[in-house]
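Here the structure comes first, spelled out in structure tokens, and everything after it is commentary.
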Amino acid sequence: MIMRFTHKASALAVVLFAAILLSFWMSVDYRTVDLRSQPGSTLKKLFDQRVQLLQESYSEIPFRIKESVLGLLPHNRCVCQSEKTIDLPFSRMLFPRVSAKVFHTAFQASELEEVKRRRAEEYQSFKKRSQSAADFIIVAEANSPLQYPTQGVKVQPKKTILIPGLGLKEQPKKLHSVNLTSTLGIFDVAAEVEMVKVEGVGEKHITLSSNFLPHLNRQLQFVTYTNTHFHPNTADTVEFCTEGYTAVFTIKIRHSLIPKLYNPGSGRGYKISKLVTIATKTFLRYDKLQVLIDSIRQFYPTVTIVIADDSEHPKPVTGPYIEHYIMPFGKGWFAGRNLAVSQVTTKYVLWVDDDFIFTSDTKIEKFVDVLEKTTLDLVGGAVREVTGYTATFRHTISVEPGDEDGDCLHIRRGFHHGIQGFPNCVVSDAVINFFMARTDKIQQVGFDPQLVRIAHLEFFIDALGVLHVGSCNDVIVSHTSKIKLPWGQSETDKAYAKFREPSTTTQVAQDRLFYFKNRLQCLTYK
Ligand SMILES: *[C@@H]1O[C@H](CO)[C@@H](O)[C@H](O)[C@H]1NC(C)=O
């Protein structure tokens, strides 16, 4: 009896003790952090003031403005201007002019103010989310005795590092002293050096002082930083100061990036069927799709073909290495692209339209070679029309900063520059709808399913600054006739044309997206 009693008692004690411990840990470890506050927003003001001060000095010395250079600088007041066209037949084709378009007209005058206000609100919170202390301008002052790392210091969230490169270089004096202050972490020392006084260990503000400069410098080599406010990807600003001087540097706080690697298959050379999946979207045109599949199979019998289909009465599309995904009726162009691309498990995805035909000029190994050997994420090819004309649809896209009305988007035919080692390829921002891309990168950008009908450049606008885009004119796919005379059209062709035709309502919807989602006020095109 007694034995049992003590057993029970000790078990109870253990449970109680565990409970106490647990509650203690919980109370210690679950400190809350205000995620709303923008760490360093007061700091930003301070830095801006300093930069302002530096720029205002020497204001008495005269200068002469160079208009040609001044015009190149952003002035945050962009406009979209069209060039006047001469009204002659074919003048548009012979002398392409800049055309311009504004987007606010896509809204009723009565709703525009409200839309503007909502957009401004969303934009402010976007800016807050996408900026960190690493975006501040920090100027290193001249003749400062402080030595510190200007970039490249990294720490994982909630982890500790030694801060490299800290030092103080000054004339011997009675007491040498430095302070370090952070906002998202705490300081400590990994070792203690004799005759150095360290105050504020485990806090956001640490002071190190000594009568002997070499000792202080030795101690500075052991200063550690521990991140305490968790954020997967941000930056802390550290103020490092001594009497009369302040320096600031940033520590990047970031989880290590987990790679996403694709197994290319064993053996030498490119295993196209292991590396590439062909993706397409179809709507009604099963005859064209079958021609495409047959042409692919002539050259690539085992490459997987993913088909997204939003026809009203879907027909089965079968065969080896074919995945046919049926979607709700009329979900649209980008929704289909999105679905098809989301199902790809190979390193690369090749996008084709359902009315393309592979020929002996459709050497997709060349795409793989460019993507394997360069930093490009997406590379477009050329599409040959029935007339024999080939198109690459190369464009550059740039965003000119505007005021609260939004930014201006400028799209131009052309490219940025050639690529060494690939004489048939160039770097651009947008290409034709026949391209190969790194699957993970294209999934990252995604195709906005709000774009229902004709849309293509919109994807490249979303991809600006995310994808490195190229274009090669030596990988050519053929296009079945685009412009067919009405009496030669089959019933499906007619139904398809009716559905694809951009109506004014879809155009307005697209303009609204540009205005709100991309915060653009206007567009120029040439
Ligand atoms: C360093 O920090 C201490 C304690 O907070 C403060 O008294 C001292 O003035 C600071 N020194 C400098 C140079 O900012």
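Just so you know, ligand 1 is whichever comes first in the structure, and atom 1 is the first atom listed for that ligand.
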Check your understanding: Side chain or backbone of T242 under 4.0 Å from ligand 1, or both, or neither, by non-hydrogen atoms?
Key -> backbone
Study note, to complete from the structure: Counting from 1 in the order shown, the ligand 1 atoms closer than 4.0 Å to a non-hydrogen atom of E243 are 13 (C)
Exercise for review: Keeping to residues at least two apart or across chains, list the side-chain hydrogen bond (donor to acceptor under 3.5 Å, both in side chains) pairs with something in residues 134-147.
Suggested key: Q147-K169
Study note, to complete from the structure: If we number the atoms of ligand 1 from 1 as shown, the ones under 4.0 Å from a heavy atom of C241 are 14 (O)
Review point. Which residue holds the protein heavy atom closest to atom 9 (O) of ligand 1, what is that atom called, and what is the gap in Å?
Key: N179 ND2, 4.7 Å
Review point. Which pairs pass side-chain hydrogen bond (donor to acceptor under 3.5 Å, both in side chains) with one or both residues in residues 397-413, sequence neighbours excluded?
Key: K116-D405, E400-H410, H410-T524, R412-T524
Practice item. Considering only protein heavy atoms, determine whether one is less than 4.0 Å from atom 7 (O) of ligand 1. Key: no
Practice item. Determine, using ring centers only, whether F107 and Y515 are less than 6.0 Å apart. Key: yes
Exercise for review: Determine whether the side chain, the backbone, both or neither of H205 has a heavy atom under 4.0 Å from any heavy atom of ligand 1.
Suggested key: side chain
Study note, to complete from the structure: Tested for side chain to side chain contact (heavy atoms under 4.5 Å, CB included) against L166, the lone hit among L146, V178, L180 is L180
Exercise for review: For residues V370 and L376, determine if any side-chain heavy atom of one lies less than 4.5 Å from a side-chain heavy atom of the other.
Suggested key: yes
